[in-house]
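See structure below.
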Amino acid sequence: MPESELPKVYNPADYEDEIYARAEQAGFFKPETAQAARAKAGRKKTGRSFSMVMPPPNATGTLHIGHAVMLAIQDILVRYHRMLGDETVWIPGTDHAAIATQSKVERLLWETEKKMRHDLGHEEFLKRVDAFVADSRLTIRKQIRKMGASCDWSRECFTLDEPRSLAVRAMFKKMYDDGLIYRGSKIVNWDPFLQTTVSDDELEWQEEKAPFYFFKYGPFVISTARPETKFGDKYVVMHPADARYAEYQDGQKLEVEWINGKIIATIIKDPAVDMNFGTGVMTITPWHDATDFEIAERHGLDKEPIIDFDGRLLPVAGEFAGMKIAEARQKIVEKLAAKKLLDHVDENYVHRKAVNSRGNGLIEPQIKEQWFINVNKPVAGRGGKTLKELMRSAVSDGGVNIVPERFKKIYFHWIDNLRDWNISRQIWYGHKVPIEGDDDTLDTWFSSGLWTFSTLGWPEETNDLKKFHPTSVLETGYDILFFWVARMILMSMYALGEVPFRTVYLHGLVRDEQGRKMSKSLGNVIDPLDVIAKYGTDAVRLSLVIGTTPGNDTRLSEEKIAGYRNFTNKLWNIGRFIIATINNNGGGLGMPLRPLGISFTLADKWIMSRLDEVIQEVTGAINSFDFSRAGEILRDFTWGELADWYLEIAKIEKNKGAILERILQTLLKLWHPFMPFVTEVLWREQFTEDENDMLMLQEWPETSVKKRWLFKRFFAKKDTVIQDIQTVQDVISAIRNLRAENKIEPAKKITVMIAGHNKLELLVSQAEIIKALGRVENLEIALTHKQPPQSVATTVKGMEIFIPLVGLIDLTIERERLQKEIAAMEKYIAALGQKFAQTDFTRRAPKEIVEMEKNKLSAAKDNIEKLQAQLNQIK
RNA sequence: GGGCAGCUAGCUCAGUUGGUUAGAGCGCCACAUUGACAUUGUGGAGGUCACAAGUUCGACUCUUGUGCUGCCCACCA
């Protein structure tokens with residue numbers, strides 16, 4: 001017997017890098033080369049294309065486990081479609097992530113050199129950022145490779161590289177020319193810390209308990225959590241329908257005593273005021289509050305800045321001018337209290353403050369001249385639809401399918417609330433606004449919004465763009481739906497008049513085993529590289545895919561990864577065993593499955609039928625984006641059916657080389673998208689002699705039902721075959737159970753007598769298997785058997801099984817066991833009896849159901865009789 | 001304030017149109033080690049399917065309500 005050279009334990013580190021490098025160097029991740037290699041080998045081609053862009057990780061450092069999830073899922077799709085014969089491309093890249101990257105480099109600069117970016121100056125600072133980014137990208141590339149991602153590196157992109165910059169400039173110009181981009185002074189979210197504006201979506205709202213002050217303002221009492229903004233408050237607003245203030249007229253003026261003396265206040269009536277909140281009266285600060293800004297716009301009111309862009313009070317604050325907000329607040333309250341204008345304070349008030357999600361700066365709304373994209377202006381050449389309407393129709397018309405579907409609703413709701421998009425930033429790192437004399441940079445999402453087509457060469461009309469756009473699937477986390485997915489739809493619908501992708505698949509967040517977010521401060525972070533080093537890439541991928549559902553968060557523990565490491569090793573050993581068996585059978589490549597004279601056993605027919613079903617189910621599951629189910633089906637088949645049963649049977653029924661070869665080939669292909677490394681190693685070991693061919697280029701398995709000769713041989717009586725093998729398995733389990741319950745040592749040789757009744761023929765034909773797997777020395781199968789006096793017994797599907805154990809039975813144990821079985825059976829019969837007691841059941845339920853239940857009942861009754869008889873034997 | 005998701009074995013989760021004695025993995029208990037694999041095998045214990053009402057011959061599954069848990073959205077000064 002030729003000894004396999006494969007070691008007993010699979011060690012991923014021995015193969016992974018080498019396998020990946022081989023595929024990459026051969027160009028197999030490129031659609032052109034892969035297609036050519038497949039064509040040369042005469043493999044199938046669908047004529048379709050399959051394309052994906054990789055969501056570009058931020059160039060801020062390293063990948064986390066969330067990136068690993070997306071890479072695993074995307075690689076499954078890509079490898080599957082490549083094997084199907086689609087012209088498949090997956091474009092990798094990184095995102096310059098303007099704000100995130102700049103603030104990271106600023107922090108490093110401060111930590112290492114105690115310098116601010118202004119100390120370096122514009123040019124030098126950007127050099128530092130570029131160096132940092134270049135370094136990050138090297139790390140990221142390495143990590144993506146470690147995950148086994150079969151992306152086309154020859155097409156790698158960066159949101160800030162030259163071709164993408166060209167696309168950004170072209171898009172800006174196009175939108176500017178179409179009047180969609182305009183410059184305007186509007187209220188924006190200002191981060192005084194990072195000294196830049198940020199978009200609405202980048203705000204994070206944090207709850208905070210803060211004192212809520214009620215001040216006397218002329219005849220009114222107004223309330224605020226921000227006294228420091230109140231200097232310029234010369235408008236007092238109430239709801240037009242508020243009966244309490246009916247005596248006051250819109251536009252009426254009155255003199256009130258305020259922080260720095262008397263001012264003239266104007267009454268404004270506006271429905272934006274909530275009558276049930278506070279006193280129903282408020283003063284407004286249009287320069288520093290979005291709602292107030294809108295009221296002021298409606299009524300044409302004056303707007304005046306109170307706080308500057310560094311967060312200090314302006315001269316309007318009089319004696320408080322120059323103070324920081326936090327410092328001024330308390331002093332202003334004290335002054336108002338001294339002037340007897342403080343009515344009362346609510347110390348338990350909870351409100352929400354806006355912080356910049358990138359960098360945590362406290363947001364100060366300001367009016368500032370900025371660049372905006374108008375989402376409500378009809379677009380020429382797009383049927384007069386607005387950008388909002390274009391975004392909506394992309395999804396509502398079915399052009400873009402979202403998995404899971406419930407996110408459609410969330411998406412629409414977001415569009416409904418969408419305001420003009422502020423695209424200019426005051427940070428240094430990023431695409432410069434392509435307008436002479438303007439120093440602002442563009443929101444990073446402006447460039448990533450172009451990602452599906454800027455990566456394919458737009459604005460040039462490239463072949464890639466024609467062939468691969470719209471892309472097939474966009475796989476990403478649901479947390480990025482608005483930031484990115486929506487903006488890609490906007491850009492693509494506008495610029496190309498087509499959707500950017502056909503399907504959006506949204507995965508959930510990876511949390512720790514207690515459901516907490518992973519964070520460095522909690523110390524619960526699982527680093528993909530660490531666990532890959534420990535358990536192998538294949539195991540990590542499986543643990544991130546199986547047991548997860550789209551749109552839902554998942555919990556990951558190291559134990560789970562270890563579990564899939566075990567499975568990887570199981571598959572490895574299945575492969576070793578089958579390879580050894582094939583070679584022992586004198587087999588090699590493509591052993592014939594239909595030599596004359598070979599007859600196939602029940603087990604053969606069963607495993608081939610099941611394999612065929614598995615092909616169908618797995619393919620179906622992947623096509624419907626149910627990767628978890630696909631993986632589970634494969635795992636259960638591989639471990640629970642193939643390894644636990646068929647391979648054990650194969651040790652008894654010899655000469656299975658041809659079937660085993662076929663099974664292993666199919667199994668490796670099916671598993672390959674999920675675990676690219678271990679499958680590739682096994683494939684190379686047995687199935688290819690060509691150094692330049694790989695499993696990843698093989699054809700995806702198809703169901704064999706259509707092949708006539710296979711059908712006749714294996715599948716013709718599939719249902720019966722599957723039922724029969726189940727019966728045999730039940731008998732074996734029952735024997736094992738009897739042995740275990742009665743503490744019969746596994747090594748002990750026993751005699752087993754089976755009263756087969758209507759299963760007699762089946763049992764006789766499978767006697768060798770029952771003997772071997774049940775560890776039976778002497779098997780006596782007959783139509784009926786009288787129970788031997790000193791024996792243990794049980795029943796299975798109407799058959800009776802006896803194990804004579806002269807002098808060895810512990811009657812107490814055996815009695816208890818039988819009584820337990822009888823009790824369970826009685827309960828079952830009672831439950832069934834209930835059904836029939838309700839006369840409506842037999843009348844209303846479908847006939848086949850009633851028939852089924854009747855059969856169950858009679859089988860159960862038969863069963864209990866036999867058990868009872870067995871019990872009586874030993875009483 | 002509006003919306004969405006989850007609640008099934010100690011833990012992590014399956015359960016596709018209502019009819020299975022409700023399943024898997026991990027963990028736990030017992031037993032087994034020269035024959036592919038101890039990263040293994042065999043057997044076992046373990047569940048009022050969050051709660052309540054309703055529809056139905058029949059509900060883990062459908063409807064309504066309640067309770068927790070989490071997330072998203074919203075201009076409450």
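Note that the coordinates shown come from a computational prediction; the quantities given were computed from them, not determined experimentally. Below, read A as the first sequence line, B as the second, and so on, with proteins coming before strands; counting in each chain starts at 1.
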How many Å lie between [atom1] on [X] and [atom2] on [N], as a whole number?
X: A/I663; N: B/A36; atom1: CD1; atom2: P; result: 17 Å
X: A/N742; N: B/G44; atom1: CG; atom2: P; result: 13 Å
X: A/I732; N: B/G43; atom1: CD1; atom2: P; result: 10 Å
X: A/I813; N: B/C31; atom1: CD1; atom2: P; result: 13 Å
X: A/L647; N: B/G35; atom1: CG; atom2: P; result: 16 Å
X: A/N566; N: B/G27; atom1: CG; atom2: C1'; result: 14 Å
X: A/R516; N: B/C71; atom1: CZ; atom2: C1'; result: 18 Å
X: A/K856; N: B/G58; atom1: NZ; atom2: P; result: 16 Å

Among [options], the nucleotide that comes nearest once only the side chain of [X] is considered:
X: A/A740; options: B/G43, B/U21, B/A45; result: B/G43
X: A/W639; options: B/G41, B/G19, B/U39; result: B/G41
X: A/R635; options: B/A36, B/G25, B/A45; result: B/G25
X: A/E559; options: B/U20, B/C26, B/C37; result: B/C26
X: A/D644; options: B/A36, B/U39, B/U42; result: B/U42
X: A/E648; options: B/A36, B/A77, B/C72; result: B/A36
X: A/K409; options: B/C4, B/C37, B/A77; result: B/C4

Could you tell me how far [M] sits from [N] if I compare only their [atom1] atoms? Round to whole Å.
N: B/U12; M: B/G27; atom1: C1'; answer: 11 Å
N: B/C26; M: B/G41; atom1: P; answer: 9 Å
N: B/G18; M: B/A36; atom1: P; answer: 47 Å
N: B/C37; M: B/U42; atom1: P; answer: 15 Å
N: B/U17; M: B/U61; atom1: C1'; answer: 10 Å
N: B/G19; M: B/C60; atom1: P; answer: 10 Å
N: B/G46; M: B/A22; atom1: C1'; answer: 14 Å
N: B/G25; M: B/U40; atom1: C1'; answer: 16 Å

Taking C-beta and beyond as the side chain, do [X] and [Y] meet within less than 4.5 Å on heavy atoms?
X: A/I259; Y: A/L336; value: yes
X: A/N737; Y: A/T794; value: no
X: A/V504; Y: A/F407; value: no
X: A/L642; Y: A/I663; value: yes
X: A/K230; Y: A/Y217; value: no

Ring pair (Phe, Tyr, Trp, His ring centres under 6.0 Å) between A/F482 and A/Y411: does it pass, once the steps are laid out? CA-CA 7 Å; A/F482 307 141; A/Y411 172 81; 7.9 Å; no
Does [X] place a side-chain N or O at less than 4.0 Å from the phosphate oxygens OP1/OP2 of [N]?
X: A/N737; N: B/G44; result: yes
X: A/T283; N: B/A77; result: no
X: A/K743; N: B/G43; result: no
X: A/K651; N: B/A36; result: yes

Hey, what's the ring geometry for A/Y213 with A/F215, parallel, tilted or perpendicular (30° and 60° as the breaks)?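 Aromatic pair A/Y213/A/F215 classed parallel.
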How long is the straight-line distance from CD of A/E559 back to CZ of A/R565, given to the nearest 0.5 Å? 11.0 Å
Let's test this: given Watson-Crick or G-U wobble pairing with both distances under 3.5 Å, identify the partner of [N].
N: B/U61; result: none
N: B/U55; result: none
N: B/A22; result: none
N: B/C31; result: B/G41
N: B/C71; result: B/G3
N: B/U66; result: B/A50

What's A/V850 touching, base or sugar-phosphate or nothing? Going by heavy atoms closer than 4.0 Å. nothing
Quick one: label A/R406 by what it contacts on the DNA or RNA (base, sugar-phosphate, nothing), any heavy atom closer than 4.0 Å.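 Answer is sugar-phosphate: A/R406 comes under 4.0 Å of backbone atoms only.
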Is it true that the NZ or CZ of A/K856 lies under 6.0 Å from the centre of A/Y828's six-membered ring and within 45 degrees of the ring axis? no
Nucleotide-resolved protein contact map, nucleotides 10-15 of chain B, B/S/- at heavy-atom distance under 4.0 Å: --SSS-
So, do A/W639 and A/Y564 have ring centers that fall under 6.0 Å from each other? no
Any N or O donor-acceptor pair linking the side chain of A/E741 to the base of B/A30 at under 3.5 Å?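 Absent.
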Classify the side chain of A/K8 versus the base of B/A36 as yes if they form a donor-acceptor pair under 3.5 Å and no if they do not.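 Such a pair does not exist between side chain and base.
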[X] bridged to [Y] by N-O distance under 4.0 Å:
X: A/R352; Y: A/E208; answer: no
X: A/D538; Y: A/R541; answer: no
X: A/D416; Y: A/R392; answer: yes

Can you pull every protein N or O that's under 3.5 Å from an N or O on nucleotides 73-76 of chain B?
{"unit_1": "B/C73", "atom_1": "O2'", "unit_2": "A/H413", "atom_2": "ND1", "d": "3.2"}
{"unit_1": "B/A74", "atom_1": "N7", "unit_2": "A/R352", "atom_2": "NH2", "d": "3.3"}
{"unit_1": "B/C75", "atom_1": "O4'", "unit_2": "A/T291", "atom_2": "OG1", "d": "3.3"}
{"unit_1": "B/C75", "atom_1": "O2'", "unit_2": "A/T291", "atom_2": "OG1", "d": "2.8"}
{"unit_1": "B/C76", "atom_1": "O2", "unit_2": "A/D274", "atom_2": "OD2", "d": "2.5"}

